[in-house]
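All remarks here apply to the structure that follows.
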Protein chains: 2
Amino acid sequence: MPTIQDVARRARVSTATVSRVLSTPGVVSEATRERVMAAVDALGYEPNYAAKSLRTLRTAKIVVTVPDISNPFFSSVIRGAEEAAQAAGYSVLLGDTRHSTEREEQYAGMLRRKEADGLIFLGHRLPNTLAELIGRQGARAPVVNGCEFSPDLGVSSAHIDNAAAAAEAMDLLYGLGHRIIGVITGPLASPISRDRLEGVRASAGRHGAETTLRIATGDFSVESGEREAQGLLAGGDTPTALFCFSDEMAMGALAAARRAGRRCPDDLSLVGFDDIRFARYLDPALTTVSQPMEELGRTAVALLLDILAGRQTAARSVTLPHHLAVRGSTGPARR
Amino acid sequence: MPTIQDVARRARVSTATVSRVLSTPGVVSEATRERVMAAVDALGYEPNYAAKSLRTLRTAKIVVTVPDISNPFFSSVIRGAEEAAQAAGYSVLLGDTRHSTEREEQYAGMLRRKEADGLIFLGHRLPNTLAELIGRQGARAPVVNGCEFSPDLGVSSAHIDNAAAAAEAMDLLYGLGHRIIGVITGPLASPISRDRLEGVRASAGRHGAETTLRIATGDFSVESGEREAQGLLAGGDTPTALFCFSDEMAMGALAAARRAGRRCPDDLSLVGFDDIRFARYLDPALTTVSQPMEELGRTAVALLLDILAGRQTAARSVTLPHHLAVRGSTGPARR
DNA sequence: ACCAATGGTGAAATCGATTACATGATCCTA
DNA sequence: TAGGATCATGTAATCGATTTCACCATTGGT
C-alpha cells in the first residue's frame, strides 16, 4: 500500500506538497497539482487513516448506541443518523448494548480513547463515563440523546412532544366513546414512558376518566404487549380500548385480543406508538402515533455536528412534529 | 487527556514499560507493574487509539454493509455480527448502502484507507474495490459475504441452503393439495433469489406442477409483496397458495389477499421466508422458512476473524441449518 | 533599481503509541 | 569465581500523515 512518501518521490515534490494538494489544493500551483494527482492516481494512493487521525485528533466517526438494533423503531432512527453522518463525512460505529450497562460504558469509553469524535445514545440511561464527561465539559461534551428527552441529563436531544402525542391518542379514544381504557407503557425508568403517561393522565382528566384508566407496564417488546394485554383483558369490566406505547406491543396486544375472542376494532380499539413500517399492514391497519424516526436520527446527528464544530454553547432540545395516523384499529365504543 | 508519557513520568519508568504493563504484563516485575497501574488509575489514562492503530496497523474495526438496516432480517443479522465482533474485541462500522453502488464503494474504500480491518457485506453485489482486492489477495482478502452465497465471487460466506429450504416450503404446499402456486421472488440479480427459485422449480417438478407455477418478481419489501400478490390474485385461475421470498413481502401479500376478499388460510395459503420476529404475530401466524439470522451474523464474523488471523487459505462457505415453521397461514387446498 | 509583498515549496517537528535492540543486574553452573 | 543465561528495563526508531516556519523566486510599486 503506497504512502505519501511514495507519492512525493514519484511526483518529485515533498510530502508537504502532496498533503497540500489533497487537503488545500488552492495553495498549490496548477502544474505541481497535476503532477501530484497523476502520481496519486498511478499509485492508487489513499491517505492512511490512522496517521491522519493521530495528527489531527479527529476520527470522523460517531458512536450510536441502541438498546436493540433489531427493534424497527431504533433501526429507523439509526438509518437516519447514518445518512446524515455519511453526508457530513462521518461514519457510524454501531453499539448494540442489549440493555446492558456494561456495554454502554464500553462504548462510552470509545470517546475517551479518541476512537470516536462524538456519541449519540438512543436509550435513556446515561453511562457514568459520559456523565463525568458532561460534568467536566458541560454542553461542549460531544454527546447527544437520540430520542428520549431528559432535561436533567444536561444533554442535547431530539424528540417529539411525547406528552402531547399520547394525549392526542387518548383524546381520539375518548372521542369515540371509550371510557375504560387500558394503557400499556414502557419501562417507567424511561422518560418517554413517563412523559407519555403524563399525557395520558392529562387527557383522562379532561374527560373525567381518571378512575377508569387501567395501567400496565411493558417493556416495548411484542411479548410484553401480549402478556400485559392478556392481563388487562381478563376478568370483568375490561377496557374497550388499549393504548400501547409501541407498535410492537400493539402487535402483541392484537394477538392477545384475538386469543381472548375480542375482535378489533368492533370489540376493542387499539392504538400504537411509533408508526413502524408494518403498522399499516396489520389487520386491521394500526392506528398509531407517527414519529419521524429517520428525522430523529438526522436531527440528533445535526446537533452533534454543531457541538463538534464548536457552534453550541448550551444543551439544546429539538422537538419534531408527530401526527396521529388514524387507521382501522380504532372505532366507536360499543355500548 | 493524559498520554503514555505522563504515565511514564509519574511512575518513574520509560514509556516502553508502561506499554508493556498494558499489553504484556507478564514480562514486567510485580513492583513496577503496581507502580504503573497506580499512575494509570490516578491519571485516568487510556491509550490513544489512533496512535496505537498507526503503529500496529490494526484498527479493531470491521465494516458491515447492508442494503437497508431498517429491514428486520438485516438488522437481526447485524445484531449477531455486532455481538460476535464485540466479543472478539472488534467494533462494527455500520454501512447502510440504501442499495446504492456508490455508497457500497465508499464503504469498501475504508479497507484501503486502513480505516477497518475487514468487511462483511450483506447485499449480493461485490463492489469493484473489493473485487480488485480479492483479485490481488485471493482468499486472504478480509472480505466475507453475510447471507447471499455466490460461489463465483471467491468470497467466504455464511448462509442457509436456500434451494432446499424453498423446496421444503413448496413441498408443504403441494402436500396440502395446492396445485396452482404463486411465487414472489426477490430481485433475480440476487443469488439467493435464484437459489430459492431453483428449489421451487425442483419441487414443482417432483410434483408434476411445472406448468402451474406463477412467478412474480418482487424486491423483498412489503410494498412489492402487496403489488405482486395483487397481480397474481387478479383474473381467473388464480393460485390457491403464495410463497414469498421474504416475510415482509408475505405481509404485503396478506394485505392484498384481504383486499381481494381472500381469507387466509381458508381461501389462500401463505408462506414467507426469514421468520422475522413479527411473523408469528400476524393473523394468521405466518408459516415461514426460519433462518438463524443472528447466527448468520456471528458466523460471518467468525469467518472474517479467521481470515484476519491468517487461519484461512481458501474461501469457505458455511451452511447453517434452517427449518420450516408451520403456523396458521397454511392449510389444505379447497377443492 | 531597490524594497516589500506575494506565492509556491521544502525541511523538520509533531501526534502517541509499540517494539527491536541494547544494557545492566542477578543468578546459576562448572 | 568466571562465564553465560535470564530477567527487567531503557533508548530510540518507527508507523504515515499534517503543519509551522523558513526560504527562494517572482511581481509590482515608487
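Because the structure is a prediction, the values reported are computed rather than measured. Hydrogens, waters and symmetry mates are skipped; everything else that's a heavy atom, side chains included, is used. Residue numbering restarts at 1 for every chain, and letters A, B, ... go by the order of the sequence lines.
In this structure, A:Val28 reaches the sugar-phosphate backbone alone: every heavy-atom distance under 4.0 Å involves primed, P, OP1 or OP2 atoms, never a base. Residue contacts for B:Thr3: at a heavy-atom cut-off of 4.0 Å it reaches the sugar-phosphate backbone alone, with no base atom in range. At the heavy-atom level, A:Glu30 lies nowhere under 4.0 Å from the strands shown. Across all strands, B:Ser19 comes closer than 4.0 Å to base atoms (heavy-atom distances). Residue contacts for B:Arg12: at a heavy-atom cut-off of 4.0 Å it reaches the sugar-phosphate backbone alone, with no base atom in range.
In the interface, the side chain of A:Arg33 is not paired with the base of C:dG8 through any donor and acceptor atom under 3.5 Å apart.
For A:Leu22 and D:dT18, the CG to C1' distance is 12 Å, given to the nearest whole Å. Nucleotide C:dG16 holds its P atom 11 Å from the CZ atom of B:Arg9, rounded to whole Å. For the pair A:Arg58 CZ and C:dT14 C1', the interatomic distance rounds to 19 Å; values are reported in whole Å. The NZ atom of A:Lys114 sits 14 Å away from the C1' atom of C:dA17 (whole-angstrom rounding). Distance, A:Leu54 CG to C:dT18 P: 12 Å, rounded to whole Å. The CG atom of A:Leu57 sits 11 Å away from the P atom of C:dA17 (whole-angstrom rounding). Atoms CD (A:Gln5) and P (D:dG16) sit 8 Å apart, rounded to a whole Å. Straight-line distance from the OH atom of A:Tyr49 to the P atom of C:dA17: 16 Å, rounded to whole Å.
In the set D:dT9, D:dA17, C:dG10, C:dG10 carries the atom at the smallest distance from any side-chain atom of A:Thr17. Of the candidate nucleotides D:dG16, C:dA17, D:dA12, D:dA12 has the atom nearest to the side chain of B:Thr15. Proximity note for A:Lys52 (side chain, C-beta onward) versus C:dG16, C:dG10, D:dT18: the nearest is D:dT18. You'll find that the side chain of B:Arg55 is closest to C:dT18, out of C:dG10, D:dT18, C:dT18. Distance from the side chain of B:Ser29 is smallest to D:dT9 among D:dT18, C:dG16, D:dT9. Comparing atom distances between the B:Ala16 side chain and each of C:dG16, C:dT19, C:dA11 picks out C:dT19 as nearest. Taking every side-chain heavy atom of A:Val13 into account, C:dG10 is the closest of D:dG10, C:dA17, C:dG10.
Between B:Glu82 and B:Arg79 there is no salt bridge, since no side-chain N of the basic residue sits under 4.0 Å from a carboxylate O of the acidic one.
Around the CZ atom of B:Arg113, the shell of radius 6.0 Å holds more than 12 heavy atoms that belong to other residues, nucleotides or ligands. By the 6.0 Å contact criterion, NZ on B:Lys61 is enclosed, its count of non-hydrogen atoms from other residues, nucleotides or ligands being greater than 12.
Residue-to-nucleotide proximity on DNA chain D shows that, of B:Thr56 and B:Arg35, the 5′-proximal contact is made by B:Arg35. Checking A:Gly26 against B:Ala51, the closest nucleotide of DNA chain C that is more toward the 5' end is the one next to A:Gly26. Comparing A:Ile4 and A:Arg20 by the nucleotide of DNA chain D that holds the closest heavy atom to each, the one mapping nearer the 5' end is A:Ile4.
Remark: A:Tyr45 is in phosphate contact with D:dA17, judged by side-chain N or O atoms under 4.0 Å from OP1 or OP2. Taking 4.0 angstrom as the limit, B:Thr32 places a side-chain polar atom (N or O) nearer than this to OP1 or OP2 of D:dT9.
Contact annotation: the side chain of A:Gln86 never approaches that of B:Arg98 to less than 4.5 Å [non-hydrogen atoms, C-beta and beyond]. B:Leu130 has its side chain out of reach of B:Glu104: every pair of non-hydrogen atoms, C-beta onward, lies at least 4.5 Å apart.
When each of B:Val301, B:Leu119, B:Ile78, B:Leu94 is tested with B:Val64 by the rule side-chain contact (heavy atoms from CB on, under 4.5 Å), just one qualifies, namely B:Ile78.
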